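Input: a single structure, listed below in structure tokens.
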Amino acid sequence: MFKDIMKFIEVNLPVLIKILGFPGLTFILIFLIFAVWYQRKYLARLMTRMGPVHAGKVLGWLQLIADALKLLTKEIIIPRESMRKIFVLSAGTLSVIPATAITLIPFAKDFAIFPIRGYTLPLFLAIMTLYPIFVVLMGWAANNKFTIIGAFRSIYLDVAGEIPLILSTIGVMIWAGTYDIQDIIEAQKSIWFVFPQLLGFIVFLVSFMAMIEKVPFDIPEAEAELVFGYKTEFSGALFLDSMLGDYVNLLAWSLLMITLYFGGYLGPSITGDPIIDGSIWTLIKLVIVVTMTFTIMISYARLRIDQAIRVGWNYLIPLAILNIILTIFVKYVILGGG
Amino acid sequence: MTKKNFVSRIVTPFFVVLKHVVNQPVTHKYPFERLKGFSRTRGLITLDMDACIGCGACGWICPDHAIEMKIVESSKVTHPAIDFLKCSFCGMCVEICPRNALDMHPIVEIAGTEYKNLVYYPEKLRQAPNLKELLPMLKYELEPVITPSKMSYIRKKVG
Amino acid sequence: MKPEELEKILKEKFGENIFSTKIPENKRLFIKINGDIVEDFATFLKENGFDMPITMGATDFLKQKRIEIFYAIWSSTHDFVVFFKYDVPRDNPVIKSLVKIWSGVQKFERETWELMGVDIEGHPNLKPLLLPEDWDYEKEGYPLRKDFNVNRYMSPWGDEKQ
Amino acid sequence: MRDMMSYRYHPFNEIVELEGGLFQLNMGPQHPISGQGRFIVITDGEIVYSIEMDIGYSHRGIEKILEYRNLMQGIVPIERMVMLDTSNIAMGYVLAVEKLYGVDVPPRAQYIRTIIMELNRIISHLYALGLYSESAGWNPAIFLWTTADREPILDILEMITGARWSYSFFIPGGVRADLPRGVKERILTTLDYLENRIRVYEDSWIYNETFRMRTEGMGVLPRSKAIEWGAAGPNLRVSGVPYDTRKNEPYAAYDELDFKIVTHTAGDSYYRGWARVEEIKVSIDIIRQAIENIPEGRIRVALPPKPVQEEALARVETGRGELNVYMYTEGRDKPYRVKISPPSFRNFYVIEQLPKIQTIRLADVPPLIYSFDPWFLDADR
């Protein structure tokens, strides 16, 4: 039995390295630790304070591992009248969905976990739309007044956030003329899509904030009155899972933003080997996008749920449709069809 | 309603916040750095046993009844003992003392694990503990936030 | 209108029911009135533009066996304060609530009822406000009264036991 | 007399199902936004039908304590009413005593008092801005900026009075000490630094689209209701009543300084926040004028042995609103009765009445409450 496993490993070693290695599991875990630490240090810097300092001599990087261990060792409290199985399972699966979506993103030329070509962008979006369903499942399973309100609000927000997002990606697809993520990146060699697709980018940015539920749209977990929304009942490892889900969701959407608007892995070569170059450029752009997200997160007030939905339906969707019409007009009438 | 137009009300907050990245953090790492008090800072009270004539004026004026007169063997008169759990550091006892026997120092590190060692009898009030002894990890004392050097910087920047 | 003019008008209207009036400074008018005419005295003030209640309370005079209820009303049009007070017997103080005239005094009356033990008729929601719910009035008594035993709450000095 | 014991509150932080689909939400003392008190909200999930402010958690009976403290000692307990602007609160007590004893305080002491009170008002407004932005859902950036910007002022006050917040610097008859050397230049520099920071707050907070969307037109307090319910301070002025105790009944050195009252007619939560930023600017003006023409002379005068008046009502404009101190004395050194009517006590009543005249959503409850700058210690006394 042991021999077949060894043979199986040798046969598809490169894919295994990709899955467990760089764009796969370890990258996501490292990104989680980096993102949480970076958020605390960067936000602290904006608020003219220090952020974690003492844990781990250099800039308190050990703080995160300490927090993770603390959360893991905490006792998991499962409320008596909640649906036990769904309650435990839903928290765990929350981070699986964005992780599967990340496998489609190429970090360098032909360097994605699933290097399939064809309809990868619609597939990515299809996977990502599952995320809110699990969030609602979590809120409903906890069977607590606060979490149910939080879950309902999460549904309203996701509906209002997702439609303009998908419409703005349609604008990019038309402009690039393909469905495939890799081709979209290749088409951005001449110019990044942020400039021709500026209107689409604005719509994408606002609904991006709504999808990852950061301020000004973090209504589902509004501490002010609902004491953390649908995550209220989770403690210990389950809370860690839901936090993991949040940050992987952030990772997935920001990777999509990079590939669609900031030219994925394109950039002047540093080391010559295309795979390493592409990855470095993707990571640099990722850090920039994450920094921008945290800055937006800190400089606006949280909107009420009805205002957020009004922004979504009255402003974002018409703008997205206008963007599509403009793209079609500019592409096929002025430039005579690419 | 507002003097700025719609777009700038969305965009300016972002850049105003971003400009804060260059600011220096203002946190003091307390046990290692400490804010230096001013000459008038009202902290630990000390008693000059020779000057004190035991008149009890400080006990009478204290708003929180934190001062009681206690008998001390080595001297003929009674001397004030201060219960620092009740004292609110208003400094009225220092002000009213006819012989200026009481004095206040900018030391606020008065802490104790038990009720007893926060009640300072006259012998303990005699001399103020120096800072090194109270805060072994102290590296240096910080000037208040608007230091003279910073004042010149602000005046230049604000113009 | 100036405090002096209002004083004249009130004197004519209520005559002997006003026991004493005083104008210590330019924006104050202190009046001591008879307890029975409070209702129409208040409505009269309200019609003359005194619309914002700023204080309401009670003072306990143990020796003279009376409790003095005082109201302070500011006028947004004439911009000065009328401070009227009247006496109530100390052993069984009952007053009429002025909430219908100035709704702002509701919380003040509630507090006076709770701390001073003055029973108020016609008050919409007489509930404990500041004191804990299980405050035992028979054993402890009313805090703001002069015969309230404060020593029970004095903590001993230093390390002496009570 | 009547059975008060029968009244039973519901235990804390418990959601009580009422009939008709309503439920009672306790934003109890342990709630992240409620401060030292509790507000009980009856809502059906979205629309709030009644807010009740449950105070009394930090009731120390200051009025009773003051009856056992002589006039000099009384300063220290009364400052504990609001830790944020203690000098304004102490000024209320001191003004009442000075009216009783008919003392005319030397002008230099009046000017020093005005400077310290205005510095204290800036600190109080900055803290109120921080809390208000936190309740409107901000990440605590503004809260921490305001806390960092209060430090230079706290240093000045520590330099003058010796303490960071419980100054007990005003006493009946004047102030306890004169201005130290070098404090004038430090104050002027700090004010320049603050003016620079106020522009940052305006750009990032007042003229911020999400804040305007969140608070404009919410919790509108009409002029008639503001007067009838007895609102206090900026909440009154923003509803169209131009009443500022510093202007209408000048005390300390306010009659010799010219400054404008910040008023507006909209009366909604947005303008209550805006009014506080404007008032910081006004305070900066006042301090500059006071620093420029501060007269020389004595800083303290002894009280005459016998009071001139039997009772006095002092009105002072604190950061939260107008504080009224009524004092009755029988000539002895301890006041016979002190009745304090704090601003938050009246503002809480206004908050409780607002849902009756306007529909308020559950998510708007914290910004609405914190736009009134509530302070539970102030209301509890």
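Here the structure is a predicted model, which means the values were calculated and not measured. Proteins get letters first, then strands, A, B, ... in listed order; numbering begins at 1 in each.
In this structure, D:N208 contributes its side chain and A:S299 its backbone to a donor-acceptor pair below 3.5 Å.
In A:W140, the CH2 atom is not crowded: 12 or fewer heavy atoms of neighbouring residues, nucleotides or ligands sit closer than 6.0 Å. Under a cut-off of 6.0 angstrom, the local environment of CZ in A:F34 is crowded, with over 12 non-hydrogen atoms contributed by other residues, nucleotides or ligands.
Taken from CG in D:L362 to CZ in A:R304, the straight-line distance is 11.0 Å, to the nearest 0.5 Å. Separating the CG atom in A:L43 from the CG atom in D:L144 is a distance of 10.5 Å, to the nearest 0.5 Å.
In this structure, A:A301 and D:A136 approach most closely via the heavy-atom pair CB-O, 3.7 Å.
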